[in-house]
Amino acid sequence: MTTAVQKAPRITLDDAVEFAAELYGLHVAASALPSERDQNFLLRTAAGEQFVLKVANSEEDLDFLELQNQLIWFLAEAKVDLDFPRVIPTKALDDIASITTADSQYFVRLLTWLDGVCFAEIKHPGRKLLASLGRALGQMDAALVGFSHQAAHRSFHWDLRNATVARDLVGLIADDRRRLVERFFAEWEKVDWGSLRFSVIHNDANDYNILVRGSTPSEHRVSAILDYGDVVHSATVCNLAVALAYLMLDKPDPIGAAAQVVAAYQEIHPLTEYEVDSLYTLAVTRLCFSVCLAARQTRDVPDNEYLNISNALAWSLLKKLQDIPFDWPTRVFRYACGMPVVREQTLRPRRTQAELLTARRKQLGPSLSVSYESPLHIVCGSRQNLFDAGGHRYLDCVNNVAHVGHSHPRVVRAATEQMSILNTNTRYLHEYLVEYSEQLIATLPDPLRVVYLVNSGSEANELALRLARAHTNRNETLVIDCAYHGNTTAMIDLSPYKFDGPGGHGCPAWVHKVSLPDVYRGKHRGDDAGTQYARDVARAAKFAETGGGVAAFFGESAVSCGGQIILPPEYLRAAYAEVRAAGGVCVADEVQTGFGRAGTHFWMFETQDVVPDIVTLGKPIGNGHPLGAVITTPEIAASFANGMEYFNTFGGNPVSCAIGLAVLDVIRDEELQQNALEVGEYLKCELRLLQDHHPLVGDVRGLGLFLGIELVRNRDTLEPAGREAAQIVERMKERGILLSTDGPFHNVIKIKPPLVFSMKDADVLVSSLDSVLREQPH
Ligand SMILES: Cc1ncc(COP(=O)(O)O)c(C=O)c1O
């Protein structure tokens with residue numbers, strides 16, 4: 001390859017101008033563009049048209065140049081959502097011409113210039129741009145499966161199979177750096193190339209070859225992947241590996257950024273498990289190539305700057321990666337692909353489904369139910385996927401606890417690292433306790449400034465009740481009909497969903513139910529439903545005076561067990577005003593709805609334009625780790641500080657706080673609230689289209705990724721279709737999609753998936769639901 005670089009053409013700008021006129025009849029100004037072993041010129045006509053004149057290395061085969069042209073034509077025709085240059089023929093209609101200079105003969109081609117900004121120039125590529133890169137690469141690789149050309153089957157030094165070419169150069173690198181590169185090459189040695197898929201690949205999606213369009217960061221999209229001079233028939237995954245190697249340069253969180261590209265790629269052109277497992281090794285191998293070849297470059301051709309462009313950045317990235325446990329990026333990439341993060345051997349079940357069911361029935365309290373007619377034995381989760389003992393994958397559309405995704409590696413790492421350092425109670429000082437409280441408070445409006453950390457949603461509501469009682473010196477409590485607030489004695493008393501249901505004891509004297517503000521089947525359905533329903537709250541508050549006055553109004557900010565009810569506008573504003581006027585405090589139960597699920601807001605209560613006096617949190621807060629929180633005002637907290645200590649053995653322990661911090665970090669870094677908004681809105685629109693074809697679908701409602709589909713047998717009488725809803729949930733499960741039902745008539749299908757739910761998941765859900773609904777008798 002030294003010879004190839006050394007034999008790079010050296011024609012002058014004047015020559016380029018002359019060849020353009022002679023061969024293409026173009027009168028242009030020329031400027032040089034960078035290239036490792038060819039020579040490229042930007043040509044501009046007086047009219048502003050722009051072209052790239054590509055003068056190939058004198059060693060380049062005509063065959064290979066033909067391959068490049070054919071590849072451009074092929075991809076331009078394929079379903080690849082990118083721009084491709086046009087190949088401009090000469091005056092003699094040749095797609096490839098030949099020029100002769102004093103020292104050699106070169107092939108030249110003329111391509112149209114594509115506008116755009118280099119990816120490398122975008123300092124902080126956002127989630128959308130990273131996803132668009134993943135999609136672009138996925139589409140290109142998927143299309144190229146159908147492309148073949150003899151010239152691609154070549155031995156090429158930048159083909160990652162040929163790492164020995166680079167490895168032989170490690171002697172040119174200083175000691176400490178050499179050891180680092182050797183360690184990564186040792187990993188490359190283990191790659192089983194026979195287990196990888198092969199195809200023609202671009203092989204050089206470096207950040208200077210990727211063009212981006214869009215004027216603002218949120219509009220940035222990959223518009224083109226340029227330069228087909230490194231095309232080779234090799235392992236398909238190498239194409240992605242090369243792109244990741246350059247993408248990771250100069251990034252604060254290189255693996256996190258790479259994972260976003262991998263996740264989007266996976267949706268278009270799914271990787272095999274072994275490809276995912278090899279991806280990181282291949283990406284670092286490319287970096288090692290780069291630094292080794294740059295070392296030789298510096299020795300042989302010190303004036304060719306091309307290879308040095310990314311050399312310093314490659315070294316600093318390699319050093320950064322050296323400090324990361326080698327298996328970590330693969331875990332992150334497996335997660336990004338929704339694959340089990342741990343290897344399959346670990347997941348082998350030790351008992352059959354029937355054995356587990358029998359043992360469970362014998363040993364566990366019989367009041368515990370199990371989902372589905374044929375219960376699932378789930379052994380593993382990743383992202384929005386669950387896997388059963390037989391290895392079947394299920395799309396989880398209902399688990400709002402695994403908020404940032406099942407087994408998210410950052411959450412898992414936060415938990416295991418802190419668990420291996422320290423886990424104690426909150427009577428010691430600890431950074432995480434303070435840091436987590438600060439960060440949680442920062443998500444909430446004033447005056448919600450005081451935190452109590454607990455272990456569950458029930459415990460959070462239980463404490464909220466105590467706070468309200470201490471502050472008001474009253475007991476009476478208002479609650480929305482059909483609501484569920486927890487499993488403790490007081491919370492069952494406060495949950496019509498339970499006390500009005502089987503085995504329930506009815507409404508306790510200190511509890512006052514207000515109507516479920518349901519605009520679909522409730523008593524108020526018009527534009528003023530919010531204020532109408534709030535009158536019910538006023539009435540209940542008045543009634544509570546007979547028992548000494550209202551202490552609190554408990555309300556979910558969107559009612560989940562009540563059937564995914566979205567509160568009508570003005571409801572909470574008017575209700576809170578009534579409760580406060582009656583001397584009570586307002587508790588927002590955000591156990592189901594918080595942490596960005598609403599899409600437009602981080603907290604669901606914000607969609608109602610209110611500030612509660614107490615907010616309770618649970619489920620998503622720890623992504624599956626038992627954690628809960630109560631946040632209130634300094635005044636209410638002061639009323640509660642009456643001399644009796646509030647101590648909680650586990651609440652706020654360092655492990656829980658580390659997990660809570662990781663969850664907040666992931667929501668921010670992966671822009672999950674925005675994802676909830678975009679995917680949720682899309683899903684709601686698609687479900688509403690289903691409603692047009694299926695009379696059974698009476699209502700589709702929701703905010704962000706908190707959605708409900710209410711099934712009715714008759715759209716006039718609203719006769720609930722509970723049995724049909726149960727059947728549909730069973731059928732969807734058979735198709736690998738997990739849903740559940742709720743609402744007073746069990747006829748509402750709940751959709752509240754992990755927030756990593758994608759557009760593709762939404763499509764899968766809707767098309768399966770469409771098929772299953774078609775099976776229903778009309
Ligand atoms: C709205 C609401 N609040 C509180 C709880 C109780 O939370 P946990 O089960 O964590 O005690 C639940 C549980 O389903 C809930 O849905």
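Note that ligands are numbered from 1 as they come in the structure, with each ligand's atoms numbered from 1 the same way.
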Audit row: Asn385, His406, side-chain hydrogen bond (donor to acceptor under 3.5 Å, both in side chains) steps and yes/no:
CA-CA 7 Å; Asn385 301 313; His406 289 281; over 6 Å; no
Assess whether a salt bridge exists between Asp500 and Lys513, defined as any Lys/Arg side-chain N lying under 4.0 Å from an Asp/Glu carboxylate O.
yes
Check whether Phe647 forms a cation-pi arrangement with Arg427 (NZ or CZ under 6.0 Å from the six-membered ring centre, at most 45° off the ring normal).
yes
Which class fits the ring pair Phe499 and His505: parallel under 30°, tilted 30 to 60°, perpendicular over 60°?
parallel
Run the salt bridge (charged side-chain N to carboxylate O under 4.0 Å, His left out) test against Asp761 and tell me which residues pass, sequence neighbours left out.
none
NZ/NE/NH1/NH2 to OD/OE distance under 4.0 Å, Lys523 and Asp518
no
Heavy atoms under 4.0 Å from ligand 1: which residues qualify?
Ser456, Gly457, Ser458, Asn461, Tyr484, His485, Gly486, Glu556, Asp589, Val591, Gln592, Lys619
